[in-house]
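What follows is a single structure, written as structure tokens, with notes after it.
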Protein chains: 2
Amino acid sequence: MSSPSKRKVSIKDVAATAGVSLQTVSRVVNGSEEVASATRERVQAAIDSLGYRRNELARNLIQGRSRTLGVVCAGQDYLGGRQLNSGITAEAEAFGYALLIREHQPDDPEPDDRFVQGLLDRQVEGILWMLAERHTAHEALIRRITETHGVPVVALVRSESVGVPFSAFDNFGAGVMATRHLIERGRRRIVHIAGPEHAWDAQERLRGWRHAMEEAGLPADDSHLVFGNWGPEGGEAGFLTLRERLGGFDAVFAGNDHTALGAMSAAHKLGLQIPGDVAFIGVDDVKGSGWYVPPLSTIRRNRVEMGRQAVRMLARLIEAGRAGQTLALPDYLCAPELILRESS
Amino acid sequence: MSSPSKRKVSIKDVAATAGVSLQTVSRVVNGSEEVASATRERVQAAIDSLGYRRNELARNLIQGRSRTLGVVCAGQDYLGGRQLNSGITAEAEAFGYALLIREHQPDDPEPDDRFVQGLLDRQVEGILWMLAERHTAHEALIRRITETHGVPVVALVRSESVGVPFSAFDNFGAGVMATRHLIERGRRRIVHIAGPEHAWDAQERLRGWRHAMEEAGLPADDSHLVFGNWGPEGGEAGFLTLRERLGGFDAVFAGNDHTALGAMSAAHKLGLQIPGDVAFIGVDDVKGSGWYVPPLSTIRRNRVEMGRQAVRMLARLIEAGRAGQTLALPDYLCAPELILRESS
DNA sequence: CTGTTAGCGCATTCAT
DNA sequence: ATGAATGCGCTAACAG
């Protein structure tokens, strides 16, 4: 093995071996034009031979900016929860921002100030908020982050009441789209197995279902509705509950694909034909949903684009903040896309 | 709205309002015992009223440590790829480390020095390597990170040749376990639809299959094997290829659950009974696999524990490096767990 | 074009 | 038990 911990080479070392001042090295490193090409080459040679790399920490400190974004996300198994979508990482990369992650585990206490303190202490310039719970504690926390600490926040969940701009999926539109699709297919008794009651996106999809049903003059009262947990268990239980409650129905709009999967499983066990007796549609276009039995119709969202937009918005807010301005940013609403398969 | 960007309060402000020196404030903040309780309270009062929080960036700079770990992971849709598992975040949190993420997108060029430079420039103290490709470029890069830059690396994929300790799933053991299970169930013609050929874990699972087959005196030549892509498409295509090639077989060991899903779909279309005509087993225990048709037997790995172990190992290596020692760390191999369901 | 002076916010000597 | 001086690695503002 070679020497384990060789001292880091600093700008000072480069300056010494190149025989110039620190400042000149700094200029070369930052690509300033105001340096003679002769010295530039000399400095560059020293940099290369010493293997110098500038210490971003020091640079961040003096410039008063960390070039870092905080990401607050759920640590659960929900798709779109724990998963960092590549749009965020790619766009952050492009803006020169690093990403600091803070996960909220399901069994953690509700997020309070201490929860984001670690991000704030590391001087993140902005925060991407990916938690979908409808909890007033969240709203208060977000407000404190933006107002007390002056750190901009962009939400990846639609939640007007929080008062920060968002880049989110049009969950309401998705609910409408899914339900209208079933109606167009001639279905009339369409039930909804929603996500958890306290989740923003679940509520929005539910609203969409109700809207589409009512505009078609079909029943969408609470008897046609049951809440699940985003998982197959909830879908299975919900399906059985609804059967017992209503006797029968001819279509299921499931809050997401996993819920639909569980519900379809229940239908199979009851000997029902899909889509003959009951049609199904989900939301997410989860990996594998095209190979369920039968392949599941679903609503897709462009996560990459949502992520990109969120980072762009945050970057603009940070920029404005540095300039001392307050910016009213338009939200970005990601359009749902219908994926037709055999289940409906 | 309140004032958008109030100047950050520093240790200096606290010292002024409390009427003490910077040093004393520093002591209070760091919980040193050597401070009179009277002054401590005065300082604490100033801290509270001003809302002071220490700037971790400055602290990191002077201490020469960033309290940050780099995470290099795949930006793909593979389960276990993009997903940061909560074991990592939880344990990092416990050690006081922040996580800096660097994703490798499938269409990115092979990782070179520039790929990890961003992490290194931000002075990460260690790197968690989650890329599973068997590429010599990776090995060379990892070696340069540890040797040239003196930054320890722990892999989350078993890959002895790289020469860094790992905390990984026992993919070989999983292959053996899955295959033996099928054999015990009386299956004899057991084919394997593997992951991509260049993936470490795919190769290990394949080896496990071959080992179990040969120890039972069953055929495990290349005609019983086909490579997939970790997705249902690969499973479907692989199943059809094997049918055409062999005529028939009575069990499929799929490289992962999604592959199994695609293969089961192909079997359904051919009118085969599962598990009557063909049994199936996968690996991953993906969300939903318990509701596939039929529910899929699979091998589970404890991701949380793997993550915890990896961070612990890295922390120890960092500690040793600071003390100038070289540490030979035992690897951690996560034991596979058989999940029995109806497909086998 | 280049060097000097200063300081980001904090912790680590050493004094007292 | 407290304070003063020093410096981490770098850049901003000014000189020359």
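Source: prediction; values computed, not measured. Sequence lines set the chain letters: A, B, ... in the order given, protein chains first and strands last, and positions in each chain run from 1. The figures here come from the full heavy-atom set of this structure, side chains too, leaving out hydrogens, waters and symmetry mates.
- If you take CG on B/L317 and CD on B/Q325, they are separated by 11.5 Å, rounding to the nearest 0.5 Å.
- Counting all heavy atoms, side chain and backbone alike, A/D331 lies closest to A/F166 at OD1-N, 2.9 Å.
- Annotation: the span from B/R54 atom CZ to B/S10 atom OG amounts to 14.0 Å, rounded to 0.5 Å.
- Straight-line distance from the CZ atom of B/R122 to the C1' atom of D/dC10: 15 Å, rounded to whole Å.
- Using modelled atom types, one finds no donor on one side chain facing an acceptor on the other under 3.5 Å when comparing B/S167 with B/Q309.
- The heavy-atom pair separating A/G126 from A/V151 by the smallest distance is CA-CG1, 3.6 Å.
- If you check the side chains of B/D48 and B/Q44, you find a donor sitting under 3.5 Å from an acceptor.
- No engagement by A/N60 is indicated, since no non-hydrogen atom pair under 4.0 Å with the nucleic acid exists.
- In this structure, B/N55 contributes its side chain and B/L57 its backbone to a donor-acceptor pair below 3.5 Å.
- Taking the side chain of B/R54 as heavy atoms from C-beta on, and the options D/dT2, C/dA11, C/dC1, the nearest nucleotide is C/dA11.
- The CZ-P distance, from B/R67 to C/dC10, rounds to 13 Å in whole Å.
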Would you sort out whether A/E56 and A/R59 count as a salt bridge (Lys or Arg N to Asp or Glu O under 4.0 Å), showing the intermediate values?
CA-CA 5 Å; A/E56 289 292 332; A/R59 184 165 185 249; 3.7 Å; yes
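- OP1 and OP2 of D/dC8 both lie 4.0 Å or more from every side-chain N or O belonging to A/N55.
- Distance A/E34 CD to D/dA13 P: 13 Å, rounded to the nearest Å.
- Here D/dG9 presents its C1' atom at 12 Å from CZ of A/R59, a figure rounded to the nearest Å.
- A donor atom on one side chain and an acceptor atom on the other are not found under 3.5 Å apart for A/S66 and A/Q123.
- For the pair B/E56 CD and C/dA11 C1', the computed distance is 12 Å after rounding to whole Å.
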Protein-proximity profile, nucleotides 3-8 of chain C, B/S/- by nucleotide at the 4.0 Å heavy-atom cutoff, equals BB--BB
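- Distance CZ (B/R65) to P (C/dA11): 13 Å, rounded to an integer number of Å.
- Considering CD1 of B/I318 and OH of B/Y97, their distance stands at 3.5 Å, rounded to 0.5 Å.
- Non-hydrogen atoms lying under 4.0 Å from DNA chain D are contributed by A/Y52, all within residues 37-52 of chain A.
- In this structure, A/V72 and A/L119 have side chains that are in contact, with non-hydrogen atoms separated by less than 4.5 Å.
- A rotation axis mapping the C1' atoms of four pairs onto the next four is fitted at both ends of the helix from C/dC1-D/dG16 to C/dT16-D/dA1 over five pairs, and the angle between these axes is 40° to 10 degrees.
- Taking 4.0 angstrom as the limit, B/S26 places none of its side-chain polar atoms (N or O) nearer than this to OP1 or OP2 of C/dC10.
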